[in-house]
Amino acid sequence: MNNENIIAGVSAGGFTNQGEIKILICHILNSVSEPLSKDDLNYIFQATNLVNYFMFSQALASLIESEHLYTVNTEHGECFALNPLGVETATVLKKALPLSVRDRVTETANELLAKMKKERENEVEIKSCSGGYNVNCIIHDTDFDLLRFELLVPNEEQALKVKANFLKNPLEFYRTFIEYLTKD
């Protein structure tokens, strides 16, 4: 029988060593353009099946205690960024992690940030009403809204589909909408 422990939520090749998990957290935070929340970091690990939630939580707490990380209060709550010690850990020890793992978590983190940016710049609100569901969609610009519309759909499933499809590419939707309304 294999001596390797099986840990829930961690795929083969995942991490169970606290030191490696700490390096991985530092690597992620060093690779992205903005601080990430505990939920964001956990999402990255769960999406890649690399680290169990409980082991991640322990490693994060240890990094905060050792002052590798500091907290930043953002409009989305408490987030984490690297102190100089965390940056040094990420750069000096990154080779301790396989390149494929570094690339995978960095890609997942950047995809998450892109999704969060889209959601900040574009808003969809779903409200239940007597005729079904109102879906309010807004494309924000810096100082004003480029587009704002409300759509009535018969059920929640369609409302969620409208939201997902709108958020996939709101600027393409805007371009198509304007093109349609301004054609001869």
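Just so you know, residue 1 is the first one in the sequence shown, and it goes up from there.
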Value rounded to 0.5 Å, distance of NZ in Lys127 from CD in Glu125 = 4.0 Å

ask   = Ignoring hydrogens and geometry, is there a side-chain-to-backbone donor-acceptor pair from Asn42 to Lys38 under 3.5 Å?
value = no

message = Closer than 4.0 angstrom, basic N to acidic O: yes or no for Arg104 and Glu107?
response = no

Test side-chain contact (heavy atoms from CB on, under 4.5 Å) applied to Glu156 and Leu160, step by step = CA-CA 6 Å; Glu156 185 177 18; Leu160 293 170; 4.1 Å; yes

Minimal non-hydrogen separation, Ala90 against Asn30, with atom names = CB-CB, 3.6 Å

key: Candidates Leu50, Thr48, Leu113 - the one meeting side-chain contact (heavy atoms from CB on, under 4.5 Å) with Thr108   = Thr48

query = To the nearest 0.5 Å, what is the distance between CZ (Arg148) and CG (Asn136)?
reply = 8.0 Å

query = Measuring from Tyr53:OH to Leu41:CG, what's the distance to the nearest 0.5 Å?
reply = 11.0 Å

task = Hey, could you give me the CG/NE2 distance between Leu60 and His68, rounded to the nearest 0.5 Å?
result = 12.5 Å

task = Please answer: with hydrophobic residues joined when any side-chain heavy atoms are less than 4.5 Å apart, are Leu85 and Val72 in the same cluster?
result = no

query = Side chain of Glu121, backbone of His140: donor and acceptor closer than 3.5 Å?
reply = no

ask   = Is a side-chain N or O of Glu78 found less than 3.5 angstrom from the main chain of Ser37, in a donor-acceptor match?
value = no

query = For Leu69, does its backbone N or O pair with a side-chain atom of Asn83 as donor and acceptor, under 3.5 Å?
reply = yes

request  = For residues Cys137 and Leu151, determine if any side-chain heavy atom of one lies less than 4.5 Å from a side-chain heavy atom of the other.
outcome  = no

ask   = Within a reach of under 6.0 Å around CD of Glu67, are more than 12 heavy atoms found that belong to other residues, nucleotides or ligands?
value = no

query = Counting N and O atoms only, with roles assigned by atom type, does the side chain of Arg102 sit under 3.5 Å from a partner on the main chain of His27, one being a donor and the other an acceptor?
reply = no

inquiry  = Does any part of the side chain of Asp40, heavy atoms only, come nearer than 4.5 Å to the side chain of Phe80, both counted from C-beta?
reply    = no

request  = Could you pull out the closest heavy-atom pair between Lys168 and Pro170, with the gap in Å?
outcome  = C-CD, 3.9 Å

message = For Ile23 versus Ala96, what's the shortest heavy-atom pair and its separation?
response = CD1-CB, 4.2 Å

task = Provide the closest heavy-atom pair for Ile44 versus Ala109 in the form atom of the first, atom of the second, distance.
result = CD1-CB, 3.5 Å

message = When you compare the side chain of Tyr133 with that of Val162, does any pair of heavy atoms fall below 4.5 Å?
response = no

inquiry  = Can you tell me which residue among Leu146, Asp145, Val124, Asn122 is in a side-chain contact (heavy atoms from CB on, under 4.5 Å) with Ile138?
reply    = Asp145

ask   = When hydrophobic residues are tied together by side-chain contacts of less than 4.5 Å, even through go-betweens, does Leu99 share a cluster with Ile25?
value = no

remark   = The reported gap from CG in Leu24 to CZ in Phe56 (rounded to nearest 0.5 angstrom) is 10.0 Å

ask   = Are Tyr43 and Leu29 co-members of a hydrophobic cluster defined by side-chain heavy atoms under 4.5 Å apart?
value = yes

query = Quick check: does any side chain N or O of Thr176 sit under 3.5 Å from a backbone N or O of Glu172, one acting as donor and the other as acceptor?
reply = yes

request  = Please examine the side chains of Lys115 and Glu111, heavy atoms only from C-beta on, and report whether any two atoms are closer than 4.5 Å.
outcome  = no

query = In the single-linkage hydrophobic clustering (I, L, V, M, F, W, Y; side-chain heavy atoms under 4.5 Å), do Phe149 and Ile139 co-cluster?
reply = yes

request  = Group every Ile, Leu, Val, Met, Phe, Trp and Tyr by side-chain heavy-atom contacts under 4.5 Å, then state whether Phe45 and Ile64 land in the same group.
outcome  = yes

Thr89 side chain to Lys22 side chain, donor-acceptor N/O pair below 3.5 angstrom = no

remark   = Value for SG (Cys26) from NZ (Lys94), rounded to nearest 0.5 Å, stands at 13.5 Å

message = So which atom in Ser31 and which in Asn110 form the shortest heavy-atom distance, rounded to 0.1 Å?
response = O-OD1, 4.4 Å

N/O donor-acceptor pair under 3.5 Å between Gln46 side chain and Val51 backbone = yes

message = If you define the side chain from C-beta out and look only at heavy atoms, does anything of Tyr174 sit under 4.5 Å from Ile178?
response = yes

remark   = For Asn52 and Phe54 the tightest heavy-atom approach is OD1-N, 2.7 Å

query = Looking just at side-chain N and O atoms, do Thr106 and Asp103 make a donor-acceptor pair shorter than 3.5 Å?
reply = no

message = Parallel, tilted or perpendicular, judged at 30° and 60°: which one describes the rings of Phe173 and Phe166?
response = perpendicular

